[in-house]
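Here is how names work: the chains are called A, B, and so on, in the same order as the sequence lines, proteins then strands, and each is numbered from 1. This one's a predicted model, so the numbers in the text were calculated from it and none came from an experiment. Just so you know, these numbers use all the heavy atoms, side chains as well, and skip hydrogens, waters and symmetry mates.
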Number of protein chains: 2
Amino acid sequence: MSYHHGDLRAALIAEGLRVARTGGAAALGMRDLTRAVGVSPNAAYRHFADRRALVLAVALEAQDLLADAMRARIAGISPDLPPVASALGRLRAVGLGYIHFARAERGWFELAILTRDDGPPGANGPFPAPFQLLLDALDALVAAGGLPAARRPHAEWACWSTVHGFADLTTRGPMRHHDTATVDALASYVVDTVIEGLTSGGTT
Amino acid sequence: MSYHHGDLRAALIAEGLRVARTGGAAALGMRDLTRAVGVSPNAAYRHFADRRALVLAVALEAQDLLADAMRARIAGISPDLPPVASALGRLRAVGLGYIHFARAERGWFELAILTRDDGPPGANGPFPAPFQLLLDALDALVAAGGLPAARRPHAEWACWSTVHGFADLTTRGPMRHHDTATVDALASYVVDTVIEGLTSGGTT
DNA sequence: GACCCTGGTGTACGGTGTCAACATTGCTCC
DNA sequence: GGAGCAATGTTGACACCGTACACCAGGGTC
């Protein structure tokens with residue numbers, strides 16, 4: 001057995017992703033991961049400051065997986081649709097993709113929404129990919145004429161709040177054990193409700 | 001010092017509530033709590049099956065505190081308002097009370113939204129008090145004529161998703177470090193947006 | 001007074017994250 | 001090609017955790 005591992009950092013992240021898929025962040029133990037990779041516990045400290053750093057590294061990968069899932073759903077939209085309908089479909093896809101991923105991959109989702117505490121989003125580096133997809137979808141909706149420009153500001157927070165809240169309620173919360181059909185129907189309803197609130201004339 | 005404690009269970013919960021206020025659920029350690037109360041670690045096991053059970057017991061108290069905060073906010077609504085405006089104000093108070101509590105008392109909030117996994121809400125015993133407040137507010141809005149009865153079903157999930165999502169985003173999520181004024185403004189905007197989506201005519 | 005139930009104590013086990021000191025390897029430079 | 005060195009691994013230890021097991025103090029009841 002070779003003394004050096006080759007790429008221990010990558011191996012730990014890969015194994016972390018594997019076990020976190022079903023076990024969530026709690027399954028990412030220093031000793032467990034190093035054991036699975038076939039290395040002594042402290043070897044990990046050559047690549048990660050502490051457990052938290054390792055978890056965050058795995059979380060970044062999970063965030064990419066979430067973004068991929070959302071993009072895949074966006075790609076499934078029929079290309080020959082009128083602009084507004086297309087933009088609306090894309091916005092819906094962003095939300096429903098988020099929700100579907102949360103339910104299909106709870107462990108990964110738990111990681112994906114983990115945030116390192118280094119100020120507001122976008123302050124250090126670009127926005128996280130899933131959030132950027134939402135911003136793009138909203139901008140596209142404005143460009144297509146499906147949303148008045150005056151109502152664009154802060155719309156991302158309304159959307160993200162609803163979608164994220166629904167995802168949380170149906171994974172960790174009280175709707176955890178509801179059957180898939182019910183949850184899917186509710187997801188559509190909930191997403192449509194925010195979009196309705198966004199697009200219809202209001203007070204502010 | 002008397003051999004028997006008197007009411008160790010209550011003492012543990014009280015101390016738990018005290019430390020969880022700033023430390024969240026993670027601060028609820030068997031050894032820490034028993035130490036603080038002046039008792040041996042294993043004494044707790046006469047009253048709680050395991051750590052999880054203790055945390056859930058404290059969580060129940062926290063849930064009551066959340067409900068109290070929401071009720072206090074509801075009580076602050078001007079009594080001489082037209083019925084619809086009053087009902088709307090009450091619904092808003094439910095949402096904003098939830099959000100405000102989440103931000104003012106993160107530790108307690110983290111506990112309050114903890115759910116034991118015993119089926120859907122209401123299946124075993126009554127609904128949690130905070131959720132019941134939401135149901136009541138929605139029903140009252142229908143009674144006052146502010147929401148068509150046809151649109152009442154499932155409305156609670158749209159409301160709860162948005163409000164809970166916003167609470168999560170502003171406590172654990174990316175808006176964690178935004179200043180209070182900004183968050184307060186966004187909270188109103190977001191809550192109003194769902195209500196708008198609920199009350200204005202839609203597709204379904 | 002003998003009994004047991006309730007609610008505490010002490011000790012111990014296996015687990016964790018992490019620190020400090022040491023060993024091994026491959027790369028670089030004279 | 002050998003010396004030196006940085007990178008990367010290992011071993012051992014520490015403090016801490018949740019918890020199982022055996023034991024014991026006190027109060028209530030027959």
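Using a 4.0 Å heavy-atom cutoff across all strands shown, Asp7(A) reaches no nucleic acid atom at all. As judged by a 4.0 angstrom heavy-atom cut-off over every strand, Arg51(A) is placed among residues touching the sugar-phosphate backbone only.
The interatomic distance linking Asn42(B) (CG) with dA12(C) (C1') rounds to 10 Å, in whole Å. Across the protein-nucleic acid pair, Phe48(B) atom CZ and dG18(D) atom P stand 14 Å apart, rounded to whole Å. Note: CZ (Arg35(A)) to P (dT10(D)) measures 13 Å, nearest angstrom. Note: CG (Asp32(A)) to P (dT16(C)) measures 5 Å, nearest angstrom. As rounded to whole Å, 15 Å separates atom C1' of dT19(D) from atom CG of Leu33(B). Between the P atom of dA20(D) and the OH atom of Tyr45(B) lies a distance of 7 Å, rounded to the nearest Å. One atom, CG of Asp50(B), and another, C1' of dG15(C), lie 16 Å apart when rounded to the nearest Å. Leu28(A) places its CG atom 13 Å from the P atom of dT16(C), with the value rounded to the nearest Å.
Minimum atom distance to the side chain of Leu8(A) is reached by dG9(D), of the listed dG9(D), dT18(C), dA20(D). Closest to the side chain of His47(B), from the set dG8(C), dG17(C), dT11(D), is dG8(C). Distance from the side chain of Arg31(B) is smallest to dT19(D) among dG8(C), dT11(D), dT19(D).
At distances below 3.5 Å, not a single donor-acceptor pair connects side-chain atoms of Arg92(A) with backbone N or O atoms of Asp192(A).
For Arg46(A) and dG9(D), a side-chain-to-base donor-acceptor distance below 3.5 Å is present, hydrogens and geometry of angles not being considered.
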